[in-house]
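Okay, structure first, notes after.
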Amino acid sequence: MARVSQEHLDARRRQILSGAAHCFARNGFHSASMQDVLKEVGLSAGAVYRYFAGKEDLIAAIADEAFGGIRRAFEEAAESTPPPTPDVLLGRVLRGVFEGQMYGLERRACAALVVQVWAETLRNDRLSNTLAEGYAGMRVAWARLVEAYRAAGLMPSGVPADDVARTMIATAQGFIAQEALFGGVEPGVLENGLRALMSMDLQKIS
């Protein structure tokens with residue numbers, strides 16, 4: 001029997017996740033069955049179950065990939081000298097999520113899938129743990145980025161790094177929720193809004 005290459009196995013796994021993501025984005029986690037996923041992917045049950053035990057495995061894998069991609073973008077930014085400012089970084093990260101990392105889904109479908117993952121964590125302990133790990137990882141990555149900002153003289157040291165991390169994560173989450181609910185929100189809108197807020201002259205207020 002010919003040995004199956006790792007490249008083939010990885011491509012098949014990606015094919016399954018992509019089909020599942022499109023199916024879930026269109027029908028929702030609870031309305032979509034494994035039969036719907038099999039039809040979308042175009043593979044037999046045996047071929048899919050070789051990689052994933054069921055729908056919850058698929059959902060967890062999709063969530064893990066999404067968080068992993070965002071976390072890597074933050075970590076790479078922290079290694080840049082000087083690091084990109086928050087407006088540039090968040091615009092870059094969100095474009096990456098919407099334009100390639102999420103299995104080729106259209107932007108609103110991609111955002112809707114992410115919001116579905118958030119909602120599912122309220123009833124699914126396994127997915128809740130995956131989300132908590134991803135969120136913790138992003139907080140660490142953002143805190144490192146804050147330290148890079150300070151080392152470059154771009155940010156004062158008075159505010160705890162984790163406070164900044166939580167705020168920027170919340171900004172990204174809010175943008176994704178707006179796109180899922182209303183559509184038509186370009187990453188450039190977030191960049192422009194953050195840039196305007198960052199340029200405020202607080203001395204004039206005091």
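In this chain, residues are counted from 1 in sequence order.
Looking only at distances, no side-chain donor or acceptor of Arg14 sits under 3.5 Å from a matching main-chain atom of Leu9. With hydrogens and angles ignored, the 3.5 Å screen pairs no side-chain donor or acceptor of Asp10 with any backbone N or O of Glu7. Gln116 places a side-chain N or O within donor-acceptor distance of the main-chain N or O of Phe24, the cut-off being under 3.5 Å. At distances below 3.5 Å, not a single donor-acceptor pair connects side-chain atoms of Ser18 with backbone N or O atoms of Gln15. At least one donor-acceptor pair closer than 3.5 Å links the side chain of Lys55 to the backbone N or O of Ala32.
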- prompt: Can Asp57 and Arg126 be said to form a side chain to side chain contact (heavy atoms under 4.5 Å, CB included), step by step?
  reply: CA-CA 9 Å; Asp57 272 4; Arg126 178 183 175 187; 2.2 Å; yes
message: Determine whether Phe52 and Leu17 satisfy the following criterion, side chain to side chain contact (heavy atoms under 4.5 Å, CB included), listing intermediate values before the conclusion.
response: CA-CA 10 Å; Phe52 302 99; Leu17 287 176; 3.6 Å; yes
task: Dump the intermediate steps for side chain to side chain contact (heavy atoms under 4.5 Å, CB included) on Glu40 and Arg26, then the final yes or no.
output: CA-CA 11 Å; Glu40 184 81 31; Arg26 183 173 59 251; 2.5 Å; yes
task: Show your working on side chain to side chain contact (heavy atoms under 4.5 Å, CB included) between Thr130 and Thr121 and close with a plain yes or no.
output: CA-CA 9 Å; Thr130 298; Thr121 62; over 6 Å; no
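Taking each heavy atom of Ala61 and Arg13 in turn, the nearest pair found is CB-NH2, 3.9 Å. Closest non-hydrogen pair, Arg150 versus Ser157, comes out as NE-CA, 3.5 Å. When all heavy atoms of Pro86 and Met198 are compared, the closest pair comes out as CD-CE, 4.0 Å. Gly19 and Val41 make their closest contact through CA-CG2, 3.9 Å (heavy atoms, listed as atom of the first residue, atom of the second, distance). The two residues Leu190 and Phe175 make their nearest non-hydrogen contact at CB-CD1, 3.8 Å. Contact between Val115 and Ala177 at its shortest, heavy atoms only, is CG2-CA, 4.2 Å.
Between the CZ atom in Arg107 and the CZ atom in Arg95 there is a gap of 10.0 Å [rounded to 0.5 Å]. Once rounded to the nearest 0.5 Å, the distance linking CD of Glu56 with CG of Leu127 reads 8.5 Å. In this structure, Leu113 CG and Ile59 CD1 are separated by 9.0 Å, a value rounded to the nearest 0.5 Å. The distance from atom CG of Leu145 to atom CE of Met138, rounded to the nearest 0.5 Å, is 13.5 Å. To the nearest 0.5 Å, atom CZ of residue Phe29 and atom CG of residue Asn124 are 9.5 Å apart.
Within the 4.5 Å cutoff, side-chain heavy atoms of Met34 are placed close to those of Leu58. Looking at Leu90 and Glu191, their side chains never come closer than 4.5 Å, going by heavy atoms from C-beta outward.
Counting only residues at least two apart or in different chains, ring pair (Phe, Tyr, Trp, His ring centres under 6.0 Å) contacts with residues 176-198 are absent.
Val88 and Ile176 fall into different hydrophobic clusters, where Ile, Leu, Val, Met, Phe, Trp and Tyr residues are linked whenever their side-chain heavy atoms come under 4.5 Å apart, directly or through other members. Hydrophobic clustering, with ILVMFWY side chains joined whenever heavy atoms are under 4.5 angstrom apart, keeps Val185 apart from Leu181. No path of Ile, Leu, Val, Met, Phe, Trp and Tyr side chains, each step under 4.5 Å between heavy atoms, connects Val146 with Val140, placing them in separate hydrophobic clusters. Grouping the Ile, Leu, Val, Met, Phe, Trp and Tyr side chains by contacts below 4.5 angstrom, directly or via other members, places Val159 with Leu194.
Under the 3.5 Å distance criterion, with hydrogens and angles disregarded, a donor-acceptor pair is assigned to the side chains of Ser33 and Asp36.
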Acceptor/donor pairs from residues 167-174 side chains to any protein atom, 3.5 angstrom cut, sequence neighbours excluded:
residue: Thr167; atom: OG1; partner: Asp163; partner atom: O; Å: 2.9
residue: Thr171; atom: OG1; partner: Thr167; partner atom: O; Å: 2.9

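Classification of Arg144 and Glu147 as a salt-bridged pair fails, no side-chain N sitting under 4.0 Å from a carboxylate O.
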